[in-house]
Structure formats: structure tokens, C-alpha cells
Amino acid sequence: RMEATVRDASAETLRLCRERGHDVSPAVAAVFVQAQRLAKVHPNDLVQHCVARLSKKGNGDPALCTLKMQLDVLATRAKRAQSALTLRRARDLKAGDLEREVSDTVVDPATCSGRDERLLLDKLHQSAFSYVFVTAGLANVLATDFDDAARNDAYAAFESVFPRHGARRFFTLPSTERQEALRELASVVVGALVFARRRDGENGENGNGASENTNGAQRWSQTTTEAYDPFLDENTLSTASANPFFTKDPTTDSLAKLRDQTPLFFTEVAKTKTDLRLKLNSAERLCAQYAVVVEHLGCVSTPSGDGTVRVVTDELNNRMVFADALRGLLEESDKGEAAVGALNDSLNAEVSATETALDNANGGPSVSFADITGLTAATRGESRTAGAPRGAFAHTGRKEDGVGSGGVPASVAFPALDAMGALHVAIEEEILALLDVRAVFKTLMKHAQPFKTSLTNGMLHAATQACRVANAREVPMPQPKFEQDRHTPDRVFDDDLCRAMAIKESAEIVPGNTVNFHDLQLGGYDAHALVKRGGLLRKARAGYGSAAKTVWGDKNHDPETTLPDVTTYANTAVIFESKAYGFADEDGALQFASHPGVYLKKLMRVACVRPELLCAVQCFETVNVNNVIAETTAELMQHAVAVNLHPVTACDFGAQTPVHFTEKNMDPSYEWNVWAIKRRALRMANLLEKKTKSAQTSLSHFRRAGQTQTWAPKTGSSQTLVEKATAMPKTIRYVSGLRGAPHEAKMHVVSLELDLGQPHEF
């Protein structure tokens, strides 16, 4: 989450910008403040700096339009994800209540028998039916006055798998087995309904040789061929629902979700891809024209030194981001189409195999609806075989049901129907993914022309003419001017020296066709151009699976060019710290490999100074844009923590509380015993009715007290004038001449009297 200082600065920036008349969203202000804070802007000047930048970047500024487009796309995805999550949670909550009711209820014949037992089993059987269709997202079937035909068909499928007479045996199972059986029951019943819908649609039972019996599954064929709108109105695409893909009138058939939706899906995905390709081709053509002009103007000046180069570079970046977003949606559509095709093939194979098994078991193509699962007839007297589902529904059939003796064993029917239900759910998920693609595409179209282009025919003609002249003379185009500052690495002009420095930095220069484009860091953009050319977004000419073309020599974008397509790859990729970086030319790869760490550090600074580059080069670790969207979007603020906006990081978490909490606000007069409180209340009430009377005598306790006071005498002291002492002189006698040669020995006595004086004289 955002820090408090960042949140306060963002709010103040937003207020000041709106006071000046600039339409700035909370997300734009928050991202801008965080980026400028990381760009080492002084905290005291942060708000004014951001306000000046956002105010200067008025309407139509390419860099600000790029940031708005990126945040709008992320907000659209987040809103749809939150809406789908809310619906899923509501459905899971309701299904969980029903599951607990069915799995935890105890049916004991000793305490509940006769009519009470029958009523309880009927209620639990109905709860199991509700659980199946709530889990499948078909809650409309449960409405009694909504669609009786669909409800009857759904109940017929449920009864064929879990008949009412098998409920007593089912509720003798333990709770855990009931839960597992319920989840399996939901998938099997949905698979049975899907099988009946697909089978009836293939057999054409709508007046084309169909059986006269229109009950059960055969009624579905009457609504299969009705005209349904393939998509909702575009205004409703922003709201995710359980399945709004085919909804003309919900009251027509509550089981419309179970139809074969793949034909209309393929039609709609083809339309979506066509629209995306048209917009993408137009955007790529415009990007190529901008690239020609930028290369031509870059030979004279840098973006920081020329305002025209800066504006054209920002416009090119805007169109590059727009084209990348369209390209990503196109890839999502291709993956979704391939996934639905594979799922549909698997589903058709399961349907065909199950239908063949039913025909063989019943001796012909004409089978009844109750034989879809084959359980009520095939499981009579059979033991549960390996591979069959759990025993909850395996022995619920009775011979009195009136179904023919043929059927498919449960060990064959249950896995097939379970697989059909799972495949159908997977197809629905892909349909919702396509709706997300269409919603994002609609958001992108709002930013198709966000500013008035500064690109003129004169600029394009001069740039194209310079390229043709250089090609005619067979000389390369001059190198562009590169940015130079104290944070930018110096250029190394010797290629051999670059390779030697790359070896020292543990960077490996490899051909561009040896790495996958999707494995490239920075979104596949050239790091050298981002650092040395003022944040220019230039696609790397690396990665297998795509053709490598020069910036100004693509014939698809410029039919009049005479330059041939470049189909060979040079050393345009660098492997550094187990990560691959792509470059538009070999010179950029060499320069990056000579100082990879310095370039990456400078790149983060460039991205923070120009926040529109954060999403383009996927620097989500620098500024978590997804969290900013969650905290600043009104529709997401209440659920910002629960939304899956970023790759989920799982962790173990625990909380512990003390057994007895220590109360800090202690009341000494508190009494917990209610009888003691009553006694105190009675005593106080009794005292209120009393009067205090007193009498006083000379010897009573109520006599007056007298006080006396004395004055202590003053304290005095005396002091003598002089204190003296006496000391006697000290006499010392010393005898010499007692030692030495005999002829020299002569004794002498020395007397010394020392008068050291009196002690007070020292």
C-alpha cells in the first residue's frame, strides 16, 4: 500500500491541479508523485514539482496521454476482475451454505422416522439440487415462476443421477464423503445436461424426424435454433456477469449457458481479431513514419536539447504503447481461440464416445433421457468397479423405475459426464476472457487519437529522402546524437574494448535469434535507446518467431522504400545476470554490455523521471502501478486488498491472543456479584430514610477541642578564643668510628637537638 506521505502528497497534488483547471485522475497523480519521489526530488518541493509538471502537460500532451492510456487499461482489467470475483464469491458463499446443510445434517432413524424423516430427506434432496445449479452458475433454474420447462429438465437430469429413493442411503455416509460426492454430483449433472444439448443439436430434433416426446432433454432442441444475439450491447461489456455471452431474453431458456457456444464464439473472436488487426496495422504504419522522422532529427539534436525532437519522441512512444496493447490483445485472442478449439474437440470426442456407448447399450439410436447417465438401469445389482465414482450415487437405481434393461455402467458414464462438465466450464472461462479483451479494446479506442500530431509531410519527406540518398550512395545513416550527463555512461568507441569490458562484467553478447522475444526484459525495448536517446521506445530486433526489420526499411510500412528487408540477425541480445536484453542494433548491445549495471541504474532513473515509461518497460518493482490503481479507483477501494491485481505471493500467517486480557481501566468500586449489589442498594435506600440526631455533654465524644501554643527558648552557643599546645625539643645522639681499620678507628659521639617548633607553627 502507498505510504502516508505519498498519499498526502498525491491528494495535495490532485487538489492543486484541479484548482488550476487540469483534468488529472487520482491514479495519474499518485503514480506521478511516487515516480518523482524515486527520482530524488526533494520532499519539500515534491508537490510543487509534480503540480508544475502535470500543469505544464496540458491537454493533448503525448507523454501524459500515454500514462493515462496505460492506467485506463489497467483500471478496466481490475474492474472486470473485481466484478467477476464478487460474483464468484457470492455464488461460493451461497453454495457453501447449501453444502454444509447437506453434508452436516444428521438423519438418525432413532430420533427421526416416518413422516418427519420423509420431509427431512425431501428438504435435503432439494438442497442438493439447489447446490448443483448454484455451483454451476444456473441459479435462475431454481426460481419457481421463472422458467418451468428449464426447471423440469434440470430436475430430470438431477433425478437421473441422484434419485430421491437413494437419499436415505446417501445420508448415512460420513460428512467428508458427502462433500466429495456433492462436488462430483454438480459436475456430472452439468455434464449430463451438456451432453443432452449437444446430442439433440446434432440429431436435429426440432421438427426434423424428431421423436414426438417433447419432454426432458428433447425440449432443448426447440430452443437451440432460436435466434440469439451473440453479444450484449457494447455499453454492458464493462460489467462482468456469470455468462453474458449469449443473452437475448433470459426468460426464454434458463439453461442457455449449456448450449454449444463455440460456433458463435469463433464468429465473434474472428470479428474481434479483424478489428484488432486493422487498428494494429494502422498503428504500426504510423510508428514506422514517426521512427523515420526521429532517426532523421536525432542526427542533429537530442530530445533534451530540442523541443521538436522531444515532442516527436513522446508521440512515437505513445503510438508504440498503443500498438503494443493492441498486439497483446491480438495474442490473447489467438490463445483463446486455440484453447476453445482444443476444448471443443475434446468435448465433442467425449460426447461421441458416450453416445456410441449409449447406442450400443440400448440396441439403437433411439434412447430416453433417463438413459443419459445409464445409472438407473445399469447399476442394478452391480458392484462398484475400479475407476467409478464414489459409492454415493452408484447403487441408487431400482428396477421399478420402468427403464429398459440396457444402460452404460457407472464406471463409464460418470467419468465421461464429469469430463464434459469440466470442459464446458473451461469453455465458459475462455468466453469471459474474450469479453475482457473486447472491454480493453473499447477502452483503447478512447485513446486512438488523444492529441494532434506534430508530424508533417515535410518532416516525413525529408527523412525518407535522406534514407534514400544514403542507400543510393551505399553509406550508412549517420549516428544520432546521444545524451551526455554525469549519470549516463560514456560511449566506448572501440568494439573490441566493448567485448573485453563485457567479459569483465559477466555479460554475454549473443545473436538475436537465440532468445525468445517473450523472454526479453523491459518489454522487448532497447535499453540503450531508452538511456542514451531520452527515453525513446525502440523495439529490439531480437527474438525468434518474428521477422527482423530495420527501423526505416520496412516495406509493409513504407511501400516506396528501396531498402531490402533485413532477415538476418546480428549480435543484438545480451545475457546479463541470467536475464536477456534485446537491442535494435549491434552497437547498442555492445555499449550496454560494456556497462550493464550502470545502464540499468540509469534506466530506472529515466523511467522515474518519465513515468509513462514505467508500464512500457514493466518496471512494476519500482512503482507498483497495480496497487495504485486498486487504491485510487472508486470501484476498487473497498476491495483493494482482495483483488488479484498482481501475482499472488502465498505465505503462512498466524495470530495468537492471550487467554485473559488485562484490563487497564480498573474500577475499584466494581462489584461482579449481583446479590452484593442488591445489598448495597438496599443499605443506601435504608440510609436515605434515616435522620442523624446527636446530643453533647462535657464528657461526650462531641466536646469541643481546645488548642494551646508555646514558644520554645532561643538556642545559644559559646566559643573559646585560642586553643594552644606545647611540644618538647627532640634530642638525637649518633656514635661513629665503630667500624674501619684498627689504626684509623676513633669513636665519636655526636649529639643533635632538634627544635621543630610547636604544632600550631606549621
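Under the side chain to side chain donor-acceptor pair (under 3.5 Å) criterion, the residue pairs touching residues 521-530 are Asp324-Tyr525, with sequence neighbours excluded.
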Q: Would you sort out whether Lys481 and Val309 count as a side chain to side chain contact (heavy atoms under 4.5 Å, CB included), showing the intermediate values?
A: CA-CA 11 Å; Lys481 299 289 184 179; Val309 180; over 6 Å; no
Q: Might you work through the side-chain hydrogen bond (donor to acceptor under 3.5 Å, both in side chains) test for Gln82 and Thr86, ending with a clear yes or no?
A: CA-CA 6 Å; Gln82 175 60 32; Thr86 302; 3.1 Å; yes
Q: Show your reasoning for whether salt bridge (charged side-chain N to carboxylate O under 4.0 Å, His left out) applies to Asp587 and Arg491.
A: CA-CA 10 Å; Asp587 179 71; Arg491 181 173 178 79; 2.8 Å; yes
Q: In sequence, state the C-alpha distance, the side-chain angles, and the governing distance for Thr5 and Arg37, and then conclude on side chain to side chain contact (heavy atoms under 4.5 Å, CB included).
A: CA-CA 10 Å; Thr5 55; Arg37 183 168 174 261; 4.3 Å; yes
(Q) Please determine whether side chain to side chain contact (heavy atoms under 4.5 Å, CB included) holds for the pair Arg605 and Lys40, giving the CA-CA distance in whole Å, both sets of side-chain angles, and the decisive distance to 0.1 Å. (A) CA-CA 9 Å; Arg605 183 177 180 85; Lys40 306 301 182 181; 3.8 Å; yes
Q: Check the pair Asp8, Glu12 against side chain to side chain contact (heavy atoms under 4.5 Å, CB included), reporting the backbone distance first and the verdict last.
A: CA-CA 6 Å; Asp8 295 341; Glu12 183 67 14; over 6 Å; no
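Under the 4.5 Å side-chain criterion, counting only non-hydrogen atoms from C-beta, Val492 is not in contact with Leu590. At a threshold of 4.5 Å between non-hydrogen side-chain atoms, the residues Val294 and Arg533 count as touching. For the pair Gln591 and Tyr599, the minimum side-chain heavy-atom distance is below 4.5 Å. The shortest distance between side-chain heavy atoms of Asp314 and Arg610 falls below 4.5 Å. The closest side-chain heavy-atom distance from Asp45 to Gln48 is not below 4.5 Å. Val598 is not listed as a side-chain neighbour of Lys601, based on a closest heavy-atom distance of 4.5 Å or more. Counting only heavy atoms from C-beta outward, the side chains of Leu46 and His49 never approach each other to under 4.5 Å. Counting heavy atoms from C-beta on, the side chains of Val73 and Arg77 come closer than 4.5 Å.
Rounded to the nearest 0.5 Å, atoms CG (Leu536) and CZ (Arg310) are 8.5 Å apart. For the atom pair CD (Glu505) and SG (Cys498), the distance works out to 11.5 Å, reported to the nearest 0.5 Å. Taking CG of Asn318 as the start and CZ of Phe451 as the end, the distance is 4.0 Å to the nearest 0.5 Å. To the nearest 0.5 angstrom, Met320 atom CE is 12.0 Å from Thr313 atom OG1. The line from CG of Leu14 to SG of Cys50 is 12.0 Å long, rounded to the nearest 0.5 Å. A distance of 12.5 Å separates NE2 of His595 from CG of Leu600, quoted to the nearest 0.5 Å.
Listed for the Ser103 side chain is no donor-acceptor partner under 3.5 Å among the backbone atoms of Ser175. The main-chain N or O of Leu537 is found under 3.5 Å from a side-chain atom of Asn317 such that the two form a donor-acceptor pair. A donor-acceptor pair under 3.5 Å links the side-chain atoms of Thr76 to the main chain of Asp72, judged by distance alone. Side-chain atoms of His22 do not come within 3.5 Å of backbone N or O of Val24 as any donor-acceptor pair.
The closest side-chain donor-acceptor pair between Thr176 and Glu180, if any, does not fall under 3.5 angstrom.
For Lys602, the NZ atom counts as densely surrounded, since its 6.0 Å shell holds more than 12 non-hydrogen atoms of other residues, nucleotides or ligands.
Closest non-hydrogen pair, Pro611 versus Ala35, comes out as CG-CB, 3.8 Å. What you find for Gly582 and Leu520 is that their closest heavy atoms are N-CD2, 3.8 Å. Summarising the geometry of Ala527 relative to Leu603, their closest heavy-atom pair is CB-CD2, 4.5 Å, with the distance given to 0.1 Å. Across Cys619 and Met604, no two heavy atoms sit closer than the pair SG-CE, 3.3 Å. Across all their heavy atoms, Val628 and Ala30 have their closest contact at CG1-CB, 3.6 Å. Scanning all heavy atoms of the two residues, the minimum distance from Thr572 to Glu586 falls at CG2-N, 4.0 Å.
Using cut-offs of 30° and 60° for the angle between ring planes, the Phe592 and Phe576 rings count as perpendicular.
A salt bridge between Asp92 and Arg89 is absent, with no side-chain N of the basic residue lying under 4.0 Å from a carboxylate O of the acidic one.
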